[in-house]
K.L.:
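Got a structure here, written out as structure tokens. Questions coming.
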Amino acid sequence: MEMRLKPKLNKVSVELRFKPKLASWENTLFLAQILESEFPDWQIDQGRRTQIVLFSREDKEFLKVGYNSLVYVNESIDNISRFLKFLKSVSAKFEENDIEIYLHLGCRNLSFFETELNYPELSEIIFEKFYGSQKRLREISAGEVRDVAYTLDGEKNGFQNHCRLGPMLKPQMIETFKSGFDIGEANISEDKTYLYLDVDIYTIDPKVSNLRNAIDSFEKVYEENKRIFGEYLNFIKQVGDENSD
């Protein structure tokens with residue numbers, strides 16, 4: 001049997017952090033200007049140049065240009081091609097600034113799915129799938145499973161990962177998603193139970209020497225995120241016809 005999951009909210013985010021040079025502070029504005037035509041709106045926090053946000057309410061995406069990082073978030077489609085395009089656009093400026101030490105490359109996918117189960121039912125399924133010592137845990141404290149969450153930090157295929165999943169109701173879901181846009185809360189039912197799946201793949205001290213190399217590395221990070229996300233989702237969907245290993 002396969003659990004029915006209806007996609008409700010999705011957010012893909014990518015982040016590049018680097019060791020800044022003195023020119024990086026002043027050039028935050030110049031980097032944002034290079035990308036300004038791609039977005040209808042922008043915002044500078046309290047008039048400072050340390051971080052500029054370019055955004056589109058219609059496309060539900062934004063780009064934070066900082067003196068030591070670039071962060072891209074898309075709440076419309078699971079795709080980072082726009083971000084890779086932005087990196088190519090500013091690569092010459094990075095070379096001009098002699099940016100050569102990269103500290104972090106990461107890609108995160110946070111998604112919520114509507115289920116046909118109530119909260120205890122979904123909690124029970126997740127408990128049975130992800131907790132190996134069920135009998136002992138039930139003896140200790142879980143005669144009846146009321147809530148459950150799964151978290152795993154691991155390393156696989158040369159990348160580090162942080163994976164979380166569990167059941168949520170609407171108030172938790174809205175708070176966890178933390179959208180900067182209109183997400184259509186009226187279409188999210190108070191009576192439904194939602195499954196959240198949060199997969200963050202990243203590499204610390206990436207072995208890249210310039211921004212062009214970083215673009216290739218981001219593509220690999222993104223593909224690894226999609227692989228892990230898809231395998232967790234397929235594993236969760238299968239209910240009642242397999243035993244946990």
Side-chain angles (χ1 to χ4, degrees), residues 10-25 27-28 30-36 38-39 50-56 59-111 151-165 197-234:
N10 170 256
K11 177 191 295 184
V12 61
S13 57
V14 281
E15 180 179 15
L16 169 68
R17 292 203 298 268
F18 52 90
K19 184 176 180 179
K21 295 293 183 73
L22 286 174
S24 300
W25 183 85
N27 283 333
T28 300
F30 297 144
L31 289 178
Q33 286 177 319
I34 292 172
L35 303 170
E36 183 179 5
E38 300 286 341
F39 297 88
T50 53
Q51 181 172 280
I52 300 172
V53 181
L54 307 170
F55 60 96
S56 170
D59 295 328
K60 293 184 179 180
E61 65 173 346
F62 66 83
L63 177 70
K64 290 182 180 179
V65 181
Y67 76 99
N68 65 346
S69 67
L70 293 172
V71 178
Y72 173 74
V73 176
N74 194 316
E75 297 180 14
S76 177
I77 56 174
D78 178 5
N79 192 306
I80 68 166
S81 60
R82 288 261 288 165
F83 180 68
L84 300 183
K85 176 185 174 183
F86 300 150
L87 293 186
K88 291 176 183 177
S89 299
V90 300
S91 59
K93 180 59 69 174
F94 270 63
E95 292 176 7
E96 180 184 319
N97 290 350
D98 293 325
I99 301 298
E100 55 189 18
I101 299 177
Y102 293 83
L103 306 174
H104 177 97
L105 298 169
C107 178
R108 180 185 180 192
N109 190 329
L110 173 61
S111 294
T151 301
L152 176 66
D153 284 274
E155 186 172 340
K156 186 77 172 179
N157 297 330
F159 300 106
Q160 297 186 59
N161 63 75
H162 177 68
C163 305
R164 300 187 305 148
L165 61 90
L197 178 55
D198 187 359
V199 176
D200 190 7
I201 309 297
Y202 56 95
T203 176
I204 298 173
D205 187 25
K207 304 304 179 184
V208 298
S209 58
N210 56 60
L211 193 56
R212 297 180 196 277
N213 294 148
I215 292 171
D216 294 335
S217 297
F218 262 118
E219 291 176 337
K220 296 174 183 176
V221 170
Y222 178 65
E223 288 304 315
E224 180 67 0
N225 189 296
K226 289 182 70 66
R227 183 192 69 79
I228 292 181
F229 188 94
E231 291 195 22
Y232 268 116
L233 197 60
N234 288 334

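If you read the sequence from its start, that first residue is 1, and numbering goes on from there. Quick caveat: nothing in here was measured; it's all calculated off a predicted structure. These values consider heavy atoms only, across backbone and side chains, with no hydrogens, waters or symmetry-generated copies.
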K.L.:
Do Leu103 and Ile204 have side chains that approach each other closer than 4.5 Å (heavy atoms only, starting at C-beta)?
P.N.:
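No, side chains not in contact.
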K.L.:
Is any side-chain heavy atom of Ile228 less than 4.5 Å from a side-chain heavy atom of Cys163?
P.N.:
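Sidechains of Cys163 and Ile228: in contact.
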K.L.:
State whether the side chain of Asn225 and the backbone N or O of Val221 hold a donor-acceptor pair below 3.5 Å, judged by distance alone.
P.N.:
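No; judged by distance alone, with no hydrogens or angles, the pair does not exist.
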K.L.:
Excluding sequence neighbours, so at least two apart, what forms side-chain contact (heavy atoms from CB on, under 4.5 Å) with Asn74?
P.N.:
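side-chain contact (heavy atoms from CB on, under 4.5 Å) check on Asn74 returns Val12, Glu61, Tyr72, Ser76, Ile77.
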K.L.:
May I ask you to decide whether Glu96 forms a salt bridge with Lys93, counting only side-chain N to carboxylate O separations under 4.0 Å?
P.N.:
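Yes, Glu96 and Lys93 are salt-bridged.
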K.L.:
Name all residues meeting the side-chain contact (heavy atoms from CB on, under 4.5 Å) criterion together with Arg227; count only those two or more places apart in sequence or in a different chain, and write none if there are none.
P.N.:
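Partners of Arg227 by the side-chain contact (heavy atoms from CB on, under 4.5 Å) criterion, ordered by chain and then number, come out as Lys156, Asn157, Glu224, Glu231.
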K.L.:
Please name the pair of heavy atoms, one in Tyr102 and one in Leu211, separated by the smallest distance, quoted to 0.1 Å.
P.N.:
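Taking every non-hydrogen atom into account, OH-N, 3.2 Å.
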K.L.:
Taking 4.0 angstrom as the limit, do Arg212 and Glu95 come out as a salt bridge?
P.N.:
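Salt bridge present between Arg212 and Glu95.
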K.L.:
Are Val14 and Phe218 close enough that some pair of their side-chain heavy atoms sits under 4.5 Å apart?
P.N.:
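They are in contact (side-chain heavy atoms under 4.5 Å apart), so the answer is yes.
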K.L.:
Do the side chains of Ser111 and Phe229 get nearer than 4.5 Å, heavy atoms only?
P.N.:
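Answer yes - side chains close enough.
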K.L.:
Answer yes or no: are there more than 12 heavy-atom neighbours, outside Lys64 itself, under 6.0 Å from its atom NZ?
P.N.:
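Not buried by this count: 12 neighbours or fewer within 6.0 Å.
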K.L.:
Is any side-chain heavy atom of Leu16 closer than 4.5 Å to a side-chain heavy atom of Leu105?
P.N.:
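Result yes, sub-4.5 Å side-chain heavy-atom pair found.
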K.L.:
If the condition is ring-ring contact (aromatic ring centres under 6.0 Å, His included), which residues does His104 pass it with, not counting sequence neighbours?
P.N.:
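Here the qualifying residues are Tyr202.
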K.L.:
Does any N or O in the side chain of Asn97 come within less than 3.5 Å of the main-chain N or O of Ile99, such that one atom is a donor and the other an acceptor?
P.N.:
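Judged by distance alone, no pair lies under 3.5 Å.
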K.L.:
Under a 3.5 Å cutoff, is there a donor and acceptor pairing between the side chains of Asp78 and Tyr222?
P.N.:
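Their side chains do contain a donor-acceptor pair, which is all the 3.5 Å distance test asks for.
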